[in-house]
A.B. asks: 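Just passing along the structure, written as structure tokens.
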Amino acid sequence: HFYKRLKMRNKYNKRKEAASRQKLPPKKRINKDDRDKDVFKRRKFIKNNFVEEAPAVEESSSEDETVETGYGQMLQVFASKKKDTSAIESDSDESSDEEEEDALIADDKEGEQNEDVGNNVEDDESDLGEEEEDKELESGEEGEGKELVSGEEEEEGDMEDSEDEDEEEEGLDLGTQNEEIGDPFAAHFETELEPGIVTTLNEKSRWKVLNSSFPELGNLQTQNLNYEPKAAKIKTLMDSEPESKLVQVQKRLISDLPEPKLLLQLPLKQNLLSNTPPDMTQYQTELLSIMSSYKDLLYTERTHEKGEELRMAYTLHALNHILKTRTKILNNNAKHLAREENDEKLRDQGFTRPKILIIVPFKESCRQIVEMMITLLHPNEKGGVANRKRFHEDYRKMETARKDKPDDYYDTFQGNIDDSFKLGIGVTKKSLKLYTDFYNSDIIISSPLGLRMVTGVEGEDRNTDTDFLSSIELLIVDQAEVMMMQNWDHVVTVLNQMHSQPKDSHGVDYSRVRLWSLDGHSKFYRQTLLLSGVPAPEISSIWNKSCVNYMGKVKVMNEIMGDMGRVVCDTPVVWHRVGCAGVKEGLEERFKYFTEKIMPQFKRDAMDHTLVFVPSYFDFVKVRNWFKFSDLDYSEISEYTKDKKIAQARDMFYHNEKHFLLYTERSNFYRRFRIKGIRHLIFYQPPTFGWMYSELCNFLQSTYQNPRGGSENNMSITVIYTKYDLHRLNLCVGSDTSSSMLSSEKAVHMFKPGDA
């Protein structure tokens, strides 16, 4: 046991030297009733730092000299397979050799000091961590580690909380090591990328597609990195350290397919599991199984019925990520005390503190997310949320009266639908801080417009600030279909501004910034969750271009039934396919086909009461200008039309005072008008939403007609589409029918209601 006793003595001396360098005075003694329990621990800790020399001084010094010789170093190398290979494994032997260490310490202490040191070695380590946190808070040391610690110390005061904190610090190293062995969080963020992986990520053919299925989610399309690691060569004495367990886990996760797991099998923090609702469904656990593997997720089957379950799943995943990041930083803070002054610091941070960005369209969505965070972190504590009163004033719960519009309309626009907001949230052990500055926040919840007003526009605004987006590790975009009806350009701009080189240091400790962040590889580590109610080319573009997570991507792909079965009117639908070579050419070919092939037959007097539905506002302006130039009798309803003009246009169209009515998709989405008097319906392009197609077609029923407007036999529905409208076509007629239409030699198809 000579070698073990010598090693433990040196380790103990290092801790004493690191603590003595702090030179922090003990806390002042206070009344016995109000005395904090950690005062006694600190007093013992200071006593232990001034130890009288034991009689066996000569023996210990000779042992130290023996270790410093070359022969002693060689003995250490061959005695243990790893010589402090990494900070993650540096304290692994401490708990296992506790009894021998206690015996060694007992030989050097006398009287009461023997008992104190022997029983409180781990307590001293936790006190070291607390002393470090106090020092960072008092000295105003900048950096991300300080931010996490300061928020924790502000709420200190309750006796029970301090005891819990001591217990957490004592078990911090061991718990972290056990989690990191197979935890996707550590394997994803604590490992570096091989040069071959980076090269593969920059190529076009970087993914290989694999298919699988989950019981509840259905069919999954997994895109794993198309990279095969090189075969490991035989190690020699001159080679570097052997491959760590984290790297092995990383390589396994890169090539693995997601598997459904139970809630208790997921790598979630214990305090989150204890506060998780007991009625978690299989739908939620399957989503969490994919999210916890840190693969990107594209889910385009979001419904109002399962919207709350989906929101709870990604909120739980976001909090779990923040708590693990915080635990990692606090653990490394404690480890730094036991290391030499000139040793390289453990890298666990990014350029800035914000780690999670959640983009949602309305304030009501933000309110629900924050309420879920409070439920998961501090369900029964009154003082656990800072600025809660202000939050309830700005994001108050509002009841929406349901009148004559469909239920899905009120489900979308329930509560506060303000689309300009931003909220910074700081997460600590004892509190959830709302309205924190972005650079002091862990989580940012914002709307696309609210975030765009902060970041500004490159080239137009001088005071653009995008540094807080440089270290985002988890991006969540929820209700993307609503954002497409707002301004999708804001979402694209924000994604393009992420992971850029910061213009200012913002007090970061560069010695603790991860190497992959310094190398500009942050975009390869970011996990992105794209959640939408409908598939769309805009979402697919972001998925293909901006989502380059090296861990892989998962897309939920189930067969779409379409809304053709919901059309109850008797009018047949005629579909016209327009041939084109590309997307840009398709815009011109569609307009040419509309003006030359479709419109001539609808200019006749017998074809009055014709509504032209134009999804894109840019196409709407183009069509409207052509109507003006052609001197046609028309009225218009767009998202920019005033209420008085809208009422006038609807009345004139119903009473046959206007031949045509131009109608935009966005105005229908936000206002959901029941347009009466439609006898001929022209879709300039299939709508983004399937329900919009069936709803407009059903307005041709006799209930909505003007009895004096014409005959029931004189009605028609016309749809113009190209091969690039596949997503819209699927939502209207279904996946099978759309593939048949696109592959058919015929360019015109007619369906009667109920055929598709």
A.B. asks: In terms of relative ring orientation, are Phe613 and Tyr663 parallel, tilted or perpendicular, with 30° and 60° separating the classes?
C.D. replies: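 Rings of Phe613 and Tyr663: perpendicular, over 60°.
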
A.B. asks: Is any side-chain N of the basic residue among Lys592 and Glu585 closer than 4.0 Å to the acidic one's carboxylate O?
C.D. replies: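 Salt bridge absent between Lys592 and Glu585.
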
A.B. asks: May I ask you to decide if Lys403's main-chain N or O and Tyr410's side chain share a donor-acceptor pair within less than 3.5 Å?
C.D. replies: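 Checking the backbone N and O of Lys403 against the side chain of Tyr410, a donor-acceptor pair under 3.5 Å is found.
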
A.B. asks: Quick check against the 3.5 Å criterion: does Lys405 have a side-chain atom that pairs as donor or acceptor with the backbone of Arg671?
C.D. replies: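 Yes, Lys405 side chain to Arg671 backbone: donor-acceptor pair under 3.5 Å.
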
A.B. asks: Taking NZ, NE, NH1 and NH2 as the nitrogens, is one of them in Glu308 or Arg311 under 4.0 Å from a carboxylate oxygen of the other?
C.D. replies: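 Judged by the 4.0 Å cut-off on N to carboxylate O distance, Glu308 and Arg311 do form a salt bridge.
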
A.B. asks: Looking only at atom types and distance, does a side-chain atom of Ser694 sit under 3.5 Å from a main-chain N or O of Trp691, one as donor and one as acceptor?
C.D. replies: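 Checked: pair present.
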
A.B. asks: Quick one: closest heavy-atom pair of Cys732 and Pro686, and the distance?
C.D. replies: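 Heavy-atom minimum between the residues: SG-CB, 4.3 Å.
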
A.B. asks: Would you call Asp256 and Lys295 a salt bridge, taking side-chain N to carboxylate O under 4.0 Å as the test?
C.D. replies: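 Looking at Lys295 together with Asp256, the answer is no, because their closest N to O distance does not fall below 4.0 Å.
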
A.B. asks: If we ignore angles and hydrogens, is there a donor and acceptor under 3.5 Å between the side chains of Asp419 and Ser447?
C.D. replies: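 No, no side-chain donor-acceptor contact under 3.5 Å.
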
A.B. asks: Between Arg402 and Asp411, is there a side-chain N and carboxylate O pair less than 4.0 Å apart?
C.D. replies: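 A salt bridge links Arg402 with Asp411.
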
A.B. asks: Determine the sole option in Leu475, Asp478, Ile476 for which the side-chain contact (heavy atoms from CB on, under 4.5 Å) test with Ile359 is passed.
C.D. replies: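 Exactly one pass, corresponding to Leu475.
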
A.B. asks: Could you tell me whether a side-chain N or O of Thr528 sits under 3.5 Å from a main-chain N or O of Asp296, the two making a donor and an acceptor?
C.D. replies: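 Between the backbone of Asp296 and the side chain of Thr528 there is no qualifying donor-acceptor contact (under 3.5 Å).
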
A.B. asks: Please confirm whether the backbone N or O of Pro184 pairs with a side-chain atom of His188, one donor and one acceptor, at under 3.5 Å?
C.D. replies: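 A pair under 3.5 Å: no.
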
A.B. asks: Short question: side chain of Asn219, backbone of Asn211 - any donor-acceptor pair under 3.5 Å?
C.D. replies: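 Here the side-chain-to-backbone pair does not exist.
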
A.B. asks: Is the closest side-chain donor-acceptor distance between Thr412 and His304 under 3.5 Å?
C.D. replies: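 The answer is yes; a qualifying pair exists.
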
A.B. asks: Verify whether one side chain among Tyr550 and Gln250 offers a donor that lies under 3.5 Å from an acceptor in the other.
C.D. replies: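 Their side chains do contain a donor-acceptor pair, which is all the 3.5 Å distance test asks for.
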
A.B. asks: Please evaluate residues His576 and Phe594 with respect to the criterion ring-ring contact (aromatic ring centres under 6.0 Å, His included), reporting the C-alpha separation (whole Å), side-chain torsions for both, the decisive distance (0.1 Å), and the verdict.
C.D. replies: CA-CA 10 Å; His576 297 261; Phe594 172 76; over 10 Å; no

A.B. asks: Check whether any side-chain N or O of His659 sits under 3.5 Å from a backbone N or O of His609 as a donor-acceptor pair, and report yes or no.
C.D. replies: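 Such a contact is absent between His659 side chain and His609 backbone.
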
A.B. asks: Report yes or no: does Gln223 contribute a side-chain atom to a donor-acceptor pair with the main-chain N or O of Trp207 at less than 3.5 Å?
C.D. replies: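 Looks like no, no N/O pair under 3.5 Å.
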
A.B. asks: Search all heavy atoms of Pro448 against all heavy atoms of His490 and return the closest pair with its distance.
C.D. replies: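 Smallest heavy-atom distance, with atoms named: CB-CB, 3.7 Å.
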
A.B. asks: Output the distance between atom CZ (Arg577) and atom OG (Ser744), rounded to the nearest 0.5 Å.
C.D. replies: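 One gets 6.0 Å once the value is rounded to the nearest 0.5 Å.
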
A.B. asks: Would Arg666 pass as a cation-pi partner of Trp488, given that its NZ or CZ must be under 6.0 Å from the six-membered ring centre and within 45 degrees of the axis?
C.D. replies: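 Geometry flag: not set, cation outside 6.0 Å or 45°.
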
A.B. asks: Can you classify the ring geometry of Phe413 versus Tyr409 as parallel (below 30°), tilted (30 to 60°) or perpendicular (above 60°)?
C.D. replies: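 Rings of Phe413 and Tyr409: tilted, as their planes differ by 30° to 60°.
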
A.B. asks: Between Thr281 and Glu309, does any side-chain donor sit less than 3.5 Å from a side-chain acceptor?
C.D. replies: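 Yes, because at least one side-chain N or O of Thr281 sits under 3.5 Å from a partner of the opposite role on Glu309.
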
A.B. asks: Tyr617 vs Tyr640 aromatic rings, parallel, tilted or perpendicular, using cut-offs 30° and 60°?
C.D. replies: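 Ring orientation of Tyr617 relative to Tyr640: perpendicular.
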
A.B. asks: Quick check on side-chain hydrogen bond (donor to acceptor under 3.5 Å, both in side chains): which of Glu216, Gln284, Glu301 does Lys306 satisfy it with?
C.D. replies: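 Output: one option passes, namely Glu216.
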
A.B. asks: So, for His680 and Phe660, is the gap between ring centers shorter than 6.0 Å?
C.D. replies: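 Ring-ring flag for His680/Phe660: false, centres at least 6.0 Å apart.
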
A.B. asks: Checking salt bridge (Lys or Arg N to Asp or Glu O under 4.0 Å) for the pair Lys622/Glu588: CA distance, chi angles, key distance, verdict?
C.D. replies: CA-CA 11 Å; Lys622 193 173 184 179; Glu588 296 298 329; 3.1 Å; yes

A.B. asks: Less than 3.5 Å apart, any donor N or O on the side chain of Glu481 or Thr688 sitting next to an acceptor on the other?
C.D. replies: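 Judged by distance alone, the side chains do not pair up.
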
A.B. asks: Taking atom types as modelled, is there a side-chain donor on Tyr684 or Asp619 under 3.5 Å from an acceptor on the other?
C.D. replies: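 Judged by distance alone, the side chains do not pair up.
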
A.B. asks: Ignoring hydrogens and angles, state whether a donor on the side chain of Thr737 or Ser740 is under 3.5 Å from an acceptor on the partner side chain.
C.D. replies: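 Absent: no donor and acceptor within the cut-off.
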
